[in-house]
Asker: 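The structure under discussion is supplied below as structure tokens; questions concerning it will follow.
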Number of protein chains: 2
Amino acid sequence: MDNIGEADMKYTNQRVEIIAFLREHKGHPTVDEVYDGVRKKLTRISKATVYKNLKFLSQKGLLEEVNVKGVTRFEANFVPHHHLICRKCGKMDDFQSEELFDYSMKIAEDIEGFSIDSMSTNFYGICKQCKEDTING
Amino acid sequence: MDNIGEADMKYTNQRVEIIAFLREHKGHPTVDEVYDGVRKKLTRISKATVYKNLKFLSQKGLLEEVNVKGVTRFEANFVPHHHLICRKCGKMDDFQSEELFDYSMKIAEDIEGFSIDSMSTNFYGICKQCKEDTING
DNA sequence: ATTCTAAATGATATTCATTATTATTTAAGA
DNA sequence: TCTTAAATAATAATGAATATCATTTAGAAT
Ligand SMILES: [Mn+2]
Ligand SMILES: [Mn+2]
Ligand SMILES: [Zn+2]
Ligand SMILES: [Zn+2]
């Protein structure tokens, strides 16, 4: 069994493949996208298992759940980063800026009565693809 | 009829009350909270109307939809601001920092192939109330 | 290696937030 | 006041997410 962490849980094939998929796939897949991806290796996996494990592994800290426009997505990128979100197509890209992260956390230190442990900035706008689609047809 | 905007739409009592509620209520109410609030004035309003109008008015730019932990919430605070989100109870407070907003937007200008028009930072941690609850019982 | 068992899975049913439908009502312009 | 497209209320339908439960399995004990 590959060692994928030290959490107190069974390392089932289903969990290993879900985590592997999210580590390889550098996007922010939905439940269905994870399900379709993992099914290529584990053809008999149940969607209920995918749901349960995505939630479970997020609680264990092995994945992160993100939510955009009412759509639940998952990722395994634990390098602090921000997001570029397209208002048109809903695409969500990572955007890394240690500079912004440090600045934000410094400001956060001054907030009273709220212990902050993490932060993330969402930038909203129109992606390159959608801009081109608007210009053309 | 109170003038609540110039958008191309009918200013029904239902819409007027929904917007009024969200402008008075300085939180981030859920659909049910808006429904309960508005029902005090319009006892016969349908929940489907609340759903439709919250979505409709957000698209018209008169409200904003925010999503935390899979829960959809609404607000009418158009002063650019950030959010403090409690990991424990899910509470979402506003946090205004023009300094952080300006800094973030300046960084955003350098991003290629993505036209950014707005941004918001989410700070995650534990709120005062939940901290006290942990210490006590 | 074999046995054991709590935990996990697969299949399916259930829940419930959200959307669709449609007959009736109404805002707003003529 | 009349007209009518748009909006509402009531309700049905949809579908993402969760619950249930019989069966399987990871991992520990023997
Ligand atoms: Mn990301
Ligand atoms: Mn807010
Ligand atoms: Zn786009
Ligand atoms: Zn809290």
Side-chain angles (χ1 to χ4, degrees), chain A residues 1-22 28-60 62-74 90 92, chain B residues 1-22 28-60 62-74 90 92:
Chain A
M1 175 59 57
D2 273 354
N3 181 25
I4 56 173
E6 296 301 323
D8 174 30
M9 63 179 200
K10 288 193 184 180
Y11 288 90
T12 61
N13 295 331
Q14 291 87 340
R15 286 175 181 169
V16 170
E17 290 301 332
I18 286 169
I19 292 168
F21 178 80
L22 278 154
H28 302 83
T30 61
V31 174
D32 280 0
E33 285 164 355
V34 174
Y35 177 56
D36 290 342
V38 170
R39 235 180 345 167
K40 285 168 187 162
K41 296 263 180 127
L42 300 173
T43 56
R44 296 189 54 71
I45 192 172
S46 165
K47 191 182 275 192
T49 299
V50 175
Y51 267 102
K52 272 181 285 194
N53 278 326
L54 286 172
K55 166 163 274 200
F56 176 85
L57 295 168
S58 297
Q59 283 165 350
K60 285 284 179 186
L62 292 166
L63 299 178
E64 281 203 48
E65 186 175 334
V66 290
N67 208 291
V68 189
K69 287 179 145 196
V71 179
T72 303
R73 298 172 178 279
F74 294 86
M92 182 182 206
Chain B
M1 176 58 59
D2 273 353
N3 182 26
I4 56 173
E6 295 302 322
D8 174 30
M9 63 178 201
K10 285 193 184 179
Y11 287 91
T12 61
N13 294 331
Q14 290 86 340
R15 286 176 181 169
V16 169
E17 290 302 332
I18 287 169
I19 291 170
F21 178 80
L22 277 155
H28 301 84
T30 62
V31 174
D32 280 359
E33 285 163 355
V34 174
Y35 177 55
D36 290 341
V38 170
R39 231 175 353 161
K40 284 168 187 162
K41 295 265 180 125
L42 301 172
T43 56
R44 296 190 56 71
I45 193 171
S46 165
K47 192 183 274 191
T49 298
V50 175
Y51 268 101
K52 272 182 288 193
N53 278 327
L54 286 172
K55 166 164 275 199
F56 176 86
L57 295 168
S58 297
Q59 283 165 349
K60 285 285 180 186
L62 291 166
L63 299 177
E64 281 203 48
E65 185 175 334
V66 291
N67 208 292
V68 189
K69 287 179 145 196
V71 178
T72 303
R73 298 173 177 279
F74 294 87
M92 181 182 207

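Excluded from the calculations below are hydrogen atoms, water molecules and symmetry mates; all remaining heavy atoms, backbone and side chain alike, are included. Letters A, B, ... mirror the listed sequences (proteins, then strands); counts begin at 1.
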Asker: Is the number of heavy atoms from other residues, nucleotides or ligands under 6.0 Å of B:Lys41 NZ greater than 12?
Answerer: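 Not more than 12 within 6.0 Å, no.
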Asker: Whole angstrom is fine here: how far is it from CD in B:Glu65 over to P in C:dT18?
Answerer: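 In whole Å, C:dT18 P lies 9 Å from B:Glu65 CD.
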Asker: Drop me the distance from B:Asn53's CG to B:Arg15's CZ, to the nearest 0.5 angstrom.
Answerer: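 Separation between the atoms: 4.5 Å.
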Asker: By nearest nucleotide on DNA chain D, pick out whichever of B:Phe56 and A:Asp32 is the more 5' one.
Answerer: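 Taking each residue's closest nucleotide, the earlier one in sequence belongs to B:Phe56.
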Asker: Look only at the side chain of B:Glu33 and the backbone of B:Thr30, and say whether a donor-acceptor pair between them is shorter than 3.5 Å.
Answerer: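 Indeed, once roles are kept as given, a pair shorter than 3.5 Å links the two residues.
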Asker: Nearest whole Å is fine: how far is D:dA7 P from B:Asp8 CG?
Answerer: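 Taking CG of B:Asp8 and P of D:dA7, I get 9 Å after rounding.
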Asker: On the nucleotide D:dT11, are OP1 or OP2 found under 4.0 Å from the side-chain N or O atoms that B:Ser46 carries?
Answerer: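 So the side chain of B:Ser46 is outside the cut-off, no N or O lying under 4.0 Å from OP1 or OP2 of D:dT11.
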Asker: How many angstroms lie between CG in A:Asn67 and CZ in A:Phe74, if you round to the nearest 0.5 Å?
Answerer: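 Taking CG in A:Asn67 and CZ in A:Phe74, the distance rounds to 9.0 Å.
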Asker: Out of curiosity, A:Glu65 CD to A:His28 NE2, how far, rounded to the nearest 0.5 Å?
Answerer: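 Going from the CD atom of A:Glu65 to the NE2 atom of A:His28 covers 13.0 Å.
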Asker: Within the structure, does a side-chain N or O atom of A:Asn53 lie under 4.0 Å from either OP1 or OP2 of C:dT9?
Answerer: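 The answer is yes; a side-chain N or O of A:Asn53 sits under 4.0 Å from OP1 or OP2.
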Asker: Less than 4.0 angstrom between a side-chain N/O of A:Gln14 and OP1 or OP2 of D:dA26, yes or no?
Answerer: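 Looking at the OP1 and OP2 atoms of D:dA26, neither is under 4.0 Å from any side-chain N or O of A:Gln14.
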Asker: Working to the nearest 0.5 Å, report the span between OH of A:Tyr51 and OG1 of A:Thr72.
Answerer: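 A:Tyr51 atom OH to A:Thr72 atom OG1 measures 8.0 Å (nearest 0.5 Å).
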Asker: Between C:dG10 and A:Thr49, is there an OP1 or OP2 to side-chain N/O distance shorter than 4.0 Å?
Answerer: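 Checking C:dG10 against A:Thr49, a side-chain N or O does come within under 4.0 Å of OP1 or OP2.
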Asker: Would you kindly give the CZ-to-P distance between A:Arg73 and D:dA16, to the nearest whole Å?
Answerer: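 Roughly 13 Å, once rounded to whole Å.
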Asker: To the nearest Å, give me how far apart CD (A:Glu17) and C1' (D:dA26) are.
Answerer: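 Going from CD in A:Glu17 over to C1' in D:dA26 covers 16 Å.
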Asker: Can you give me the bend angle of the helix from C:dA1-D:dT30 to C:dA30-D:dT1? Use the axis through the first five pairs and the one through the last five, nearest 10 degrees.
Answerer: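 The helix from C:dA1-D:dT30 to C:dA30-D:dT1 shows an end-to-end axis angle of 40°.
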Asker: Tell me the interatomic distance from B:Lys52, atom NZ, to D:dT11, atom C1', rounded to whole angstroms.
Answerer: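 Roughly 11 Å, once rounded to whole Å.
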Asker: Can you pull every protein N or O that's under 3.5 Å from an N or O on nucleotides 2-6 of chain D?
Answerer:
unit_1, atom_1, unit_2, atom_2, d
D:dA6, N3, B:Lys10, NZ, 3.3

Asker: Any side-chain N or O of A:Thr72 less than 4.0 Å from the OP1 or OP2 oxygen of D:dA17?
Answerer: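 Yes, within the criterion.
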Asker: At under 4.0 Å between heavy atoms, what does A:Lys55 touch on the DNA or RNA strands: base, sugar-phosphate, or nothing?
Answerer: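 Sugar-phosphate, no base atom in range.
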Asker: Please report the distance, rounded to the nearest Å, between OH in B:Tyr51 and P in D:dT11.
Answerer: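 Checked: the OH to P distance equals 17 Å.
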Asker: Identify which nucleotide among C:dA11, D:dA10, D:dT8 has an atom closest to any side-chain atom of A:Arg44, counting heavy atoms from C-beta outward.
Answerer: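 Closest nucleotide among those given: C:dA11.
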Asker: Rounded to whole angstrom units, what separation is found between the NZ atom of B:Lys60 and the P atom of D:dA7?
Answerer: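 Atom NZ in B:Lys60 sits about 8 Å away from atom P in D:dA7.
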Asker: Between OH of A:Tyr35 and CG of A:Leu42, what distance do you get to the nearest 0.5 Å?
Answerer: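 Atom-to-atom, A:Tyr35:OH and A:Leu42:CG are 11.0 Å apart.
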Asker: Please round to the nearest 0.5 Å and tell me the distance separating atom CD of B:Glu64 and atom CG of B:Leu62.
Answerer: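 Reported value, rounded in 0.5 Å steps: 11.0 Å.
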Asker: Grab the CD1-P distance between B:Ile19 and D:dA7 for me, whole Å please.
Answerer: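 After rounding, the gap between these two atoms is 13 Å.
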Asker: Looking at B:Asp8 and B:Lys60, is there a salt bridge between them, counting it only when a charged N and a carboxylate O are closer than 4.0 Å?
Answerer: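 So B:Lys60 does not pair with B:Asp8 through a salt bridge.
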Asker: Closer than 3.5 angstrom, by distance alone: can the side chain of A:Ser58 be matched with the main-chain N or O of A:Leu54 as a donor-acceptor pair?
Answerer: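 Judged by distance alone, yes, a pair lies under 3.5 Å.
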